[in-house]
Amino acid sequence: MPNLMLESTKTVKTANINDLSTLELAQALMERLTISPNDWHKLKSNRKARASEQTAAALVFLLKQNPEEALLRLQQATGWLDRSISAPPCPTHGSQASDK
């Protein structure tokens, strides 16, 4: 009986997914992977999170016929994965404290 419930839930979700355009699915993925302001400090240096966020954004730009922006986002994702880029310091820390 529990398997039947799981299958019916899965069928409903699949039907809903089938109703969405490819762009809508990509936008939903981007929303899911975007680092929220509340999680920024915790995840700003998380390479997997940052690469995932940039890759999803690249997909959205590509589907919106903006390959130049998609390429920039993919380069950012690659930089996170190959460790050629790092998170900049938080703009709300350090510089304001030293100005006071």
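Residue numbers count from 1 along this sequence.
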In Å and rounded to the nearest 0.5 Å, what is the [atom1] to [atom2] distance from [X] to [Y]?
X	Y	atom1	atom2	result
Lys48	Leu33	NZ	CG	8.5 Å
Leu43	Thr34	CG	OG1	11.5 Å
Phe61	Leu72	CZ	CG	9.0 Å
Lys44	Asp39	NZ	CG	13.5 Å

Grab the two heavy atoms, one from [X] and one from [Y], that are nearest each other, plus how far apart they are.
X	Y	value
Ala58	Arg73	CB-CB, 3.6 Å
Arg50	Ala87	NH1-CB, 4.2 Å
Gly79	Arg47	O-NH1, 3.9 Å
Ile35	Ala49	CD1-CB, 4.3 Å
Ala70	Leu62	CB-N, 3.7 Å

For this session: Indicate whether the side chain of Asn38 and that of Ser36 have a donor and an acceptor atom separated by less than 3.5 Å.
Result: no
Problem set entry | Residues forming a side chain to side chain donor-acceptor pair (under 3.5 Å) with Gln75, sequence neighbours excluded | none
Exercise. If you group Ile, Leu, Val, Met, Phe, Trp and Tyr by side-chain heavy-atom gaps below 4.5 Å, do Leu23 and Met30 land in one group?
Worked result: yes
For this session: Could you tell me whether the side chain of Glu31 and the main chain of Ala28 form a donor-acceptor pair under 3.5 Å?
Result: no
Side-chain heavy-atom pair [X], [Y] within 4.5 angstrom cut-off:
X	Y	value
Lys64	Gln27	yes
Gln76	Ile85	yes
Leu59	Leu63	yes

